[in-house]
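The structure appears right after this line, and notes come after that.
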2 protein chains.
Amino acid sequence: MNDRETVRLCKALADENRLQILHLLKNGELCACHLLDDLHITQPTLSHHMKLLCDCGLVDNRKEGKWMHYSIAKDAGKKISAIITEYLGEE
Amino acid sequence: MNDRETVRLCKALADENRLQILHLLKNGELCACHLLDDLHITQPTLSHHMKLLCDCGLVDNRKEGKWMHYSIAKDAGKKISAIITEYLGEE
DNA sequence: CATACAAATAGATACTTGTCAATGTATAAA
DNA sequence: TTTATACATTGACAAGTATCTATTTGTATG
């Protein structure tokens with residue numbers, strides 16, 4: 001992962017609503033409308049956030065009929081661990 | 001670390017210059033003027049970036065005479081690991 | 001004290017981003 | 001096919017941020 005991709009990933013994490021979205025997804029897949037119920041934002045804003053989270057590789061999506069299901073990407077943790085190794089040194 | 005602090009930490013990581021600064025500090029303490037040599041930014045801009053990195057707890061500073069020395073905080077890696085645990089779940 | 005050097009602060013500006021209302025697109029059901 | 005539902009896209013705007021120049025503050029030295 002180069003600097004630019006790392007920046008994109010960190011920017012994706014740098015928002016309270018997106019952190020809350022990740023926290024909600026932590027226990028498993030959820031559809032957009034369910035996420036929307038738990039957040040105080042409008043549907044277009046959620047759509048915007050989900051795009052950022054998916055684009056940086058933190059979240060996977062799966063379309064099923066009208067519903068869009070989101071889940072934390074399997075290697076999301078590894079991506080962040082790599083940042084520690086690359087920019088902070090091993091602990 | 002609450003959401004707001006996490007956001008601040010991630011914002012600090014979400015900039016190419018600051019990533020490069022961390023990379024430079026990875027091998028040990030450096031003074032501001034040395035960092036400045038390796039970056040294509042002005043002194044006030046570096047000062048701004050260092051303030052952000054210190055405020056979020058990723059970087060420590062130590063003043064010695066006229067010089068300001070910076071180093072990666074001992075628990076910087078732990079702070080980021082905690083984000084993985086909190087928002088992405090254990091791997 | 002006067003000068004030089006290192007870093008911080010102030011103020012300005014261009015750019016980015018989070019948000020919403022309005023609209024578009026896709027899918028399912030009646 | 002018409003209607004309803006779920007989500008994406010567009011366009012606009014306010015707030016935030018990265019950067020610079022100019023200035024100020026702090027510290028050492030002649």
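In what follows, every chain begins at residue 1, and chains take the letters A, B, ... in the order their sequences are listed. The basis for the numbers below is simple: all heavy atoms, side chains too, and nothing from hydrogens, waters or symmetry mates.
The closest side-chain heavy-atom distance from A:L58 to A:R18 is not below 4.5 Å. Contact of the A:T6 side chain with the A:Y87 side chain is registered, since non-hydrogen atoms from C-beta on lie closer than 4.5 Å. Two residues are said to be in side-chain contact when any heavy atoms from C-beta on lie closer than 4.5 Å; B:K26 and B:L22 fail this criterion. The closest side-chain heavy-atom distance from A:H49 to A:I41 is below 4.5 Å. Here the side chains of B:L9 and B:I83 are in contact, with some heavy-atom distance below 4.5 Å. By the 4.5 Å heavy-atom criterion applied to side chains, A:L53 and A:M50 are counted as neighbours.
Applying the 4.0 Å criterion to OP1 and OP2 of D:dT17, one finds that B:K11 has a side-chain N or O inside that range. Taking only side-chain nitrogens and oxygens, A:H40 never comes nearer than 4.0 Å to OP1 or OP2 of C:dT19. Contact between the side-chain N/O atoms of B:T42 and the OP1/OP2 oxygens of D:dT19 is not found at any separation under 4.0 Å. The shortest distance between the side-chain N/O atoms of A:T45 and the OP1/OP2 oxygens of C:dC20 is below 4.0 Å.
With distances taken from any side-chain atom of B:C31 to the nucleotides C:dA7, D:dC20, D:dC7, the minimum falls on C:dA7. For B:M68, taking side-chain heavy atoms from C-beta onward, the closest of the listed nucleotides D:dC7, C:dA7, C:dA26 is C:dA7. When the nucleotides C:dA7, D:dC7, D:dA18 are ranked by their closest atom to the side chain of B:C33, C:dA7 comes out on top. Of the candidate nucleotides C:dA7, D:dG26, D:dC7, D:dC7 has the atom lying nearest to any side-chain atom of A:W67. Counting only heavy atoms from C-beta on, B:Y70 has its side chain closest to C:dA7 among D:dC20, C:dT9, C:dA7. When distances run from any side-chain atom of A:S47 to the nucleotides C:dT17, D:dA8, D:dA18, the shortest one goes to D:dA8. Counting only heavy atoms from C-beta on, A:Q43 has its side chain closest to D:dA8 among C:dA7, C:dC20, D:dA8. The side chain of A:K51 sits closest to D:dT9 out of C:dG18, D:dT19, D:dT9.
Spacing between atom NE2 of B:H69 and atom P of C:dA6 amounts to 12 Å, rounded to whole angstrom units. C:dT9 atom P lies 13 Å from atom CG of B:L46, rounded to whole Å. The separation between A:N61 atom CG and C:dA26 atom P is 16 Å, rounded to whole Å. In this structure, A:H34 atom NE2 and D:dT5 atom C1' are separated by 17 Å, rounded to whole Å. Separating the CG atom of B:D15 from the P atom of C:dT16 is a distance of 13 Å, rounded to the nearest angstrom. In this structure, the CZ atom of B:R62 is 16 Å from the P atom of C:dA6, given to the nearest Å. Per the geometry, CG belonging to A:N17 stands 16 Å off P belonging to C:dT17, to the nearest Å.
Backbone-only engagement by A:L52 is indicated by non-hydrogen atom pairs under 4.0 Å involving sugar-phosphate atoms exclusively. The residue A:H49 sits close only to the backbone: its heavy atoms come under 4.0 Å of sugar-phosphate atoms, none of a base.
Between A:K66 and A:P44, the residue whose closest nucleotide on DNA chain D is further toward the 5' end is A:K66.
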